[in-house]
Amino acid sequence: MQSETEKKEAAPAPLPEDKVVVTRHRTAIGGKEIRYTVTTGTLVLKEEAVKKGENEGAFDGEKPKATVFFVAYTKDGVDDVSRRPVTYSFNGGPGSSSVWLHLGVLGPKRVLMDDIGNPTPPPYRLVENEFSLLDQTDLVFIDPVSTGFSRPVPGEKAKEYHGFKKDIESVGDFIRLYTSRFARWTSPKFLIGESYGTTRAAGLSGYLQERHGMYLNGIMLVSSILDFQTARFGPGNDLPHILFLPTYAATAWYHKRLPEALQKKPLRAVLAEVEEFASGEYTLALMQGSGLSENKRRQVARKLAGYTGLTLEYVERTNLRIQILRFTKELLRDQGKTVGRLDSRFTGVDRDAAGETFEYDPSYATIQGPYTATFNQYVRQELKFESDLTYEVLAGLYNQWSYKEFENQYVNVAETLRKAISMNPYLKVFVGSGYYDFATPYFAAEYTFNHLGLDPGLEANLTKAYYEAGHMMYVHKPSLAQMKQDLARFIRGALPAGTPKQKPARGKRGR
């Protein structure tokens, strides 16, 4: 006979279960009180299991694959939830949780920072977010598998989810599950993604339509990258050198490194001049390669030095091709400082001032601590969700990510988005870019959308906005205020006729 211990060891492991906590809150947005419900926890993502052997091919129930963590905000007192918009939100990485959009711009709480984006001294705290989008739409923040508290179930391999295709499928399947479980199939639906989250969002536009028949009203792309050729520096690819140049100029302007005549001009006037040079004379020069005459090379080098704030000698040594991480180290080298990659307004100091690249990104160092501490406290204290797991704010998946579907080519999901809009001509797209963003430069996003290939009749589906900040432009309070107005306006414009719409608040708009 088996002992009790042997019986326990032989028994199958218990199936994972959903773990959800519901809390109720209130806040004020635009001067109006909003009562809302927060649903926090994990849903078990399953796939239909298929029998093998005699009945091979027949379905045999559902097999748990992963537990996906989410935080959902729904406005109370809504008469008809089927007419209330719902927005699914995620960040990028790959390997990032959803904390940045959650506590930076969209949710009813935000991390307290100064108007520029500098944090307070630790310990950090949250404040009510008067710029939250909850007055316009319900919000569902999703942490992809291996980020946040999301994990594969025992027996499943985490690596399976660390790739382009499976990531889109798992996030898309979670969206379908939430939409079904919480009766949102006839609600107007939106996606918002940041950074690699825009790559995911574009992929989801096709996957949700074609796999689940889920047609979206709008997609909001924050710091967009759909075509990776625009941001991959390497021999033979001159495109990033052209598309990063306006951001080099914006950064040099911000740090007062441009020649006096340029420095006196407004930022947009400087960028207009640099954009024209980048897409014209500079592009033609790089295309000629070693066929460029010495006289013309010298002429282009002088202009390049003037627009970047670098010395003529340094520009010539780069063969007119300035790599991003070299620029972040070189611009303020004489001051012993580096500039940020995510947001080039921020500066840092390295041990080795003679190095080629910075030791750390000062703009990420500025936000990492505040967002990590405040979320870990908030989710347990106010949202009442308990877990001893590490909340993976930014898991180290960037160099592990699989793009096998794009073998021997650059990752490009722009075509997926174009097809989705063509199939669903009601699908609207918002593209928000920061002038000081080196991770996903604004001119690279413009290049991608200028080459999208949309039918001219659908070009009006695209909305673009620009901010005088970086990758996470919402850490800059004036940009946060503008962003709220831009996103609210976009959502209202993407809703079908007859949908109840929140009245717009007054605000300024800019490019």
Charged N-O contact under 4.0 Å between Lys484 and Asp135: yes
Ring centers of Tyr467, Tyr435 separated by less than 6.0 Å: no
Pairing of Arg317 and Glu313 as salt bridge, 4.0 angstrom limit: no
Side chains of Val68 and Asp143 in contact at under 4.5 Å (non-hydrogen atoms): no
Closest approach of Tyr124 to Pro119 (non-hydrogen atoms, all atoms of both residues): CE2-CB, 4.1 Å
Ring center gap for Trp401 and Phe164 short of 6.0 angstrom: no
Under 3.5 Å donor-acceptor, His102 side chain and Ser98 backbone: no
Distance-only side-chain donor-acceptor flag, Glu273 / Tyr307, under 3.5 Å: yes
Phe70 and Tyr178 aromatic ring geometry - parallel, tilted or perpendicular at 30°/60° bounds: perpendicular
Donor-acceptor pair, side chain of Glu276 and main chain of Ala272, under 3.5 angstrom: no
Any side-chain donor near an acceptor of the partner, Ser97 and Thr147, under 3.5 Å: no
Side-chain H-bond candidate by donor/acceptor type, His162 with Ser402, under 3.5 Å: no
Thr338 and Thr328: side chain donor to acceptor below 3.5 Å: no
Phe443 ring center near Phe244 ring center (under 6.0 Å): no
N-O pairing of Asp227 and Arg232 below 4.0 Å: no
Parallel, tilted or perpendicular: ring planes of Phe375 versus Phe69, cut at 30 and 60 degrees: perpendicular
Salt bridge (charged side-chain N to carboxylate O under 4.0 Å, His left out) partners for Arg110, two or more places apart: Glu130
Arg200 to Phe90 six-membered ring, cation-pi geometry met (6.0 Å, 45°): yes
Enclosure of Leu284 CG (heavy-atom neighbours >12, cutoff 6.0 Å): yes
Pairs meeting criterion salt bridge (Lys or Arg N to Asp or Glu O under 4.0 Å) with involvement of residues 356-374, two or more places apart: Arg326-Glu356
Student check: side-chain heavy atoms of Tyr378 and Asn376 closer than 4.5 Å: no
Neighbour count above 12 (heavy atom, 6.0 Å) for Arg125 CZ: no
Side-chain H-bond candidate by donor/acceptor type, Tyr360 with Gln368, under 3.5 Å: no
Salt bridge flag under 4.0 Å for residues Asp350 and Lys337: no
Ion pair check, Lys75 and Asp138, cut-off under 4.0 Å: no
Distance flag, aromatic centroids of Phe406 and Phe228, threshold under 6.0 Å: no
Parallel, tilted or perpendicular: ring planes of Phe327 versus Phe438, cut at 30 and 60 degrees: perpendicular
Ring centres under 6.0 angstrom apart (Tyr254, Tyr436): yes
